[in-house]
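Input: a single structure, listed below in structure tokens.
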Amino acid sequence: MNAGRRNNTVMPYFDFLLDRLEDFGEIAGCTEEEITAIESQFQLQLPEAYKDFLRLFGRESGHLLEPYAMTIDNLQAHKDEVTDMYEGTEPYDILNFSQKGFFFGHMDDMLLFFICNGDDDPAVYLMEAPEDINAYESSFTRFIELELQRDEEFPISHFLHSPVVFFAQDAPSIVTAGDFKDLAIRARVAFGICCLEYAISHFQLEELNWALILPLLWSYTADTVNTAIWGDQIAERMPSAILSDYPFDRKDIMWFELDTYEQLQQLYRQSNETVNELIYLVFRIGTQDLHTGVSRHSAQTLNYLQKIIRLMHENRLELPVITPFRQYPITEYNGWGRPFTREDLSNAGYKPANNLWSTTATAIAQQAILTQQVIRYNDFPAPPVFIAGADVEYDKYSDLIAGAIVVLERSTLQVVAYATHCMQVTFPYIPGLFSFREMPPLLAAWEKLSQKPDLIICDGHGIAHPRRFGLACHMGVTLNLPAIGCGKTRLCGHYAMPAGEKGASSPLLADGSDEVIGAVLRSQTRINPIFVSIGHKIDISTATSVVLDMCREFRLPETTRIADQYAREAMEAYKAAHDTGQSH
DNA sequence: GCGACAG
DNA sequence: ATCTTGTCGC
Ligand SMILES: [Mg+2]
């Protein structure tokens with residue numbers, strides 16, 4: 001009767017519900033047209049299991065499922081909520097990748113989503129905040145099945161399969177215009193200029209002649225500034241004015257000559273719209289209250305600040321942290337704030353733009369999602385014979401990074417194969433996000449490797465990691481290869497010192513629980529122990545014995561040592577080849 | 001609020 | 001991780 005009634009469509013995913021549909025009370029399904037409309041509205045391909053769900057419950061989900069707000073009339077609200085969390089970014093862009101996150105319901109304050117990656121019955125995740133994402137159920141059907149079995153209203157206590165923690169510095173800076181409500185105009189201008197600098201760095205426009213405008217902008221925060229003159233000077237240098245069709249006219253321009261005008265033209269032409277718009281917005285903040293004085297919170301400059309923040313978000317740009325600006329309250333100097341310099345900001349924690357830092361939230365989300373794919377038991381057909389080692393080398397004077405993977409025969413330590421790759425770094429070093437820094441050259445080296453190993457020992461932790469997803473896990477899961485994490489120092493967890501003799505070990509325990517996340521292994525007698533943990537497809541005792549087996553004369557396993565050698569060699573070779581090619 | 005934080 | 005010199009203990 002209902003248009004949502006299924007016709008001949010097979011609905012295999014919720015067979016288990018068909019004989020108890022009356023328990024749900026009032027239910028109604030979606031039509032195929034509605035489902036198609038959702039897909040086009042959200043620009044994604046919905047998984048089959050979810051479509052089946054919609055065919056049954058898409059319009060009315062009955063009292064059992066009602067608290068989850070999973071009917072289609074809620075979808076836009078879910079999306080809006082996520083959008084708010086991310087302040088302007090599209091919710092399905094959160095997880096970066098090519099896949100899109102689809103937010104289909106909620107539990108209390110937490111949003112439920114799956115990733116549209118082509119999987120017919122995808123895993124379900126819970127998002128409490130952008131950087132706090134947990135795997136919840138292994139599939140959508142299982143999610144429905146298990147939720148219906150729960151008696152409790154909202155069984156929050158067992159939401160989390162494993163605790164997800166992250167270092168505070170991993171979290172992206174979240175700043176809203178409202179945060180500047182009580183801060184001086186000088187602080188607002190300075191924040192805008194900092195955003196401008198971040199944008200310049202992000203678009204790799206540092207080489208342009210920013211000296212034409214940046215120092216002048218910064219002069220606003222100095223004690224010598226005359227804001228009226230500053231406004232006049234900046235107005236003449238506005239990108240819109242310089243790039244307009246009107247030719248240079250000495251009568252209109254008081255503050256610079258023709259050659260400066262031409263240089264400015266060149267600058268803004270090579271710049272881009274976003275950066276030029278930021279300059280304009282900074283100008284507006286600086287001049288808005290010029291004649292009226294600063295009233296209360298100066299709502300209009302907050303408005304421009306909001307535009308700046310939105311522009312930054314639209315371009316996926318990290319925002320400067322707000323801490324350094326907090327020291328300039330709106331109560332000082334009639335709202336303008338006391339003067340300061342860029343150095344004052346640096347001393348208070350302002351970090352210059354680093355375009356590599358903009359993706360931390362995405363990286364954390366990936367880890368929370370990928371960690372459930374880690375297999376923590378032995379999963380290999382035969383005892384591993386060809387053991388790979390991996391290490392990465394850096395160069396202090398450039399942004400070069402060289403990765404090496406070496407394959408050794410387990411007992412003889414013969415080098416069976418090796419491969420290296422040198423490239424530019426693509427990610428900064430952030431404890432907890434290490435794999436995003438070292439994986440790219442390692443994966444490139446892996447591609448070149450003529451003989452693939454049975455197992456890989458990585459120079460970094462596996463599950464001995466705040467989100468249980470260190471470098472070794474990332475490598476293992478990515479390559480679908482048994483992997484061991486072997487770190488030199490602790491990242492997280494606590495332990496008792498193992499006995500002094502080679503081979504002694506003690507468990508590495510997770511912070512705040514008794515979960516064993518690794519082994520502290522004495523690899524040489526009375527030498528500092530090393531940290532072994534599961535990477536992928538191997539258990540901790542097997543991992544420990546394999547690592548111990550590879551530790552012959554030194555503290556570190558031969559795999560790591562030899563990989564280190566090859567990586568260093570590759571770096572030197574690359575630099576030498578590059579030098580001769582460049583020096584005229 | 002402060003310290004801790006793989007390579 | 002990087003650079004680089006010196007020192008300690010076997
Ligand atoms: Mg290393």
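Order of the sequence lines sets the chain letters (A, B, ...), proteins ahead of strands, with each chain counted from 1. Keep in mind the model is a prediction, meaning the values are calculated, not measured.
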For residues 182-189 of chain A, tabulate all N or O donor-acceptor pairs below 3.5 Å that involve a side-chain atom, not counting sequence neighbours.
| from | atom 1 | to | atom 2 | distance (Å) |
| --- | --- | --- | --- | --- |
| R186(A) | NE | Y220(A) | O | 3.3 |
| R186(A) | NE | T221(A) | O | 3.3 |
| R186(A) | NH1 | G337(A) | O | 2.6 |
| R186(A) | NH2 | A222(A) | O | 3.0 |
| R188(A) | NE | F180(A) | O | 3.3 |
| R188(A) | NE | L183(A) | O | 3.0 |
| R188(A) | NH1 | H297(A) | O | 2.8 |
| R188(A) | NH1 | S298(A) | O | 3.1 |
| R188(A) | NH1 | T301(A) | OG1 | 2.7 |
| R188(A) | NH2 | F180(A) | O | 2.8 |
| R188(A) | NH2 | K181(A) | O | 3.2 |
| R188(A) | NH2 | L183(A) | O | 3.1 |
| R188(A) | NH2 | H297(A) | O | 2.9 |

Mind checking what makes side-chain hydrogen bond (donor to acceptor under 3.5 Å, both in side chains) contact with [X], not counting sequence neighbours?
X	value
K452(A)	none
T542(A)	N378(A), D539(A)
Q524(A)	none

Q.
My understanding is that only residues two or more places apart in sequence, or in another chain, count here; which of them pass side chain to side chain contact (heavy atoms under 4.5 Å, CB included) with T331(A)?
A. P329(A)
Q | Base-pair map of DNA chain B as dot-bracket, where | denotes pairing with a different strand and pairs are Watson-Crick or G-U under 3.5 Å | A | .......
Side-chain donor-acceptor distances from residues 482-495 of chain A under 3.5 Å, at least two apart:
| from | atom 1 | to | atom 2 | distance (Å) |
| --- | --- | --- | --- | --- |
| K488(A) | NZ | D459(A) | OD1 | 2.6 |
| K488(A) | NZ | D459(A) | OD2 | 3.1 |
| R490(A) | NH1 | G493(A) | O | 2.7 |
| H494(A) | NE2 | A510(A) | O | 3.3 |

**Q.** Watson-Crick and G-U pairing of DNA chain C written in dot-bracket, each distance under 3.5 angstrom, with | for inter-strand partners
**A.** ..........
Q.
Base, sugar-phosphate or nothing for I401(A)? Non-hydrogen atoms, less than 4.0 Å.
A. nothing
Q: Give one of base, sugar-phosphate or nothing for G470(A), where a contact means two heavy atoms less than 4.0 Å apart.
A: base
Nearest-Å distance for atom pair [atom1]/[atom2], residues [X] and [N]:
X	N	atom1	atom2	answer
L521(A)	dA6(B)	CG	P	20 Å
M439(A)	dA6(B)	CE	P	19 Å
L442(A)	dA6(B)	CG	C1'	14 Å
H474(A)	dG7(B)	NE2	C1'	16 Å
H494(A)	dA6(B)	NE2	P	17 Å
H465(A)	dG7(B)	NE2	P	13 Å
Q367(A)	dA6(B)	CD	C1'	12 Å
H461(A)	dC5(B)	NE2	C1'	10 Å

**Q.** Pair T560(A), E558(A): side-chain N/O donor-acceptor within cut-off below 3.5 Å
**A.** no
Q. What residues form a salt bridge (Lys or Arg N to Asp or Glu O under 4.0 Å) with E553(A), not counting sequence neighbours?
A. none
Q: Using a cut-off of strictly less than 4.0 Å, decide whether T489(A) has a side-chain nitrogen or oxygen near OP1 or OP2 of dG7(B).
A: yes
Please list, for nucleotides 1-10 of chain C, all pairs of protein and nucleotide N/O atoms separated by less than 3.5 Å.
| from | atom 1 | to | atom 2 | distance (Å) |
| --- | --- | --- | --- | --- |
| dA1(C) | OP2 | K488(A) | NZ | 3.1 |
| dT2(C) | OP1 | E393(A) | OE2 | 2.5 |

Q: Return the set of residues passing ring-ring contact (aromatic ring centres under 6.0 Å, His included) with Y394(A) (not counting sequence neighbours), or none when no residue passes.
A: none
(Q) For F386(A), give me all partners under ring-ring contact (aromatic ring centres under 6.0 Å, His included), at least two apart in sequence or on another chain. (A) none
Q) Does the distance from a Lys or Arg side-chain N to an Asp or Glu carboxylate O, for E515(A) and R376(A), drop under 4.0 Å? A) yes
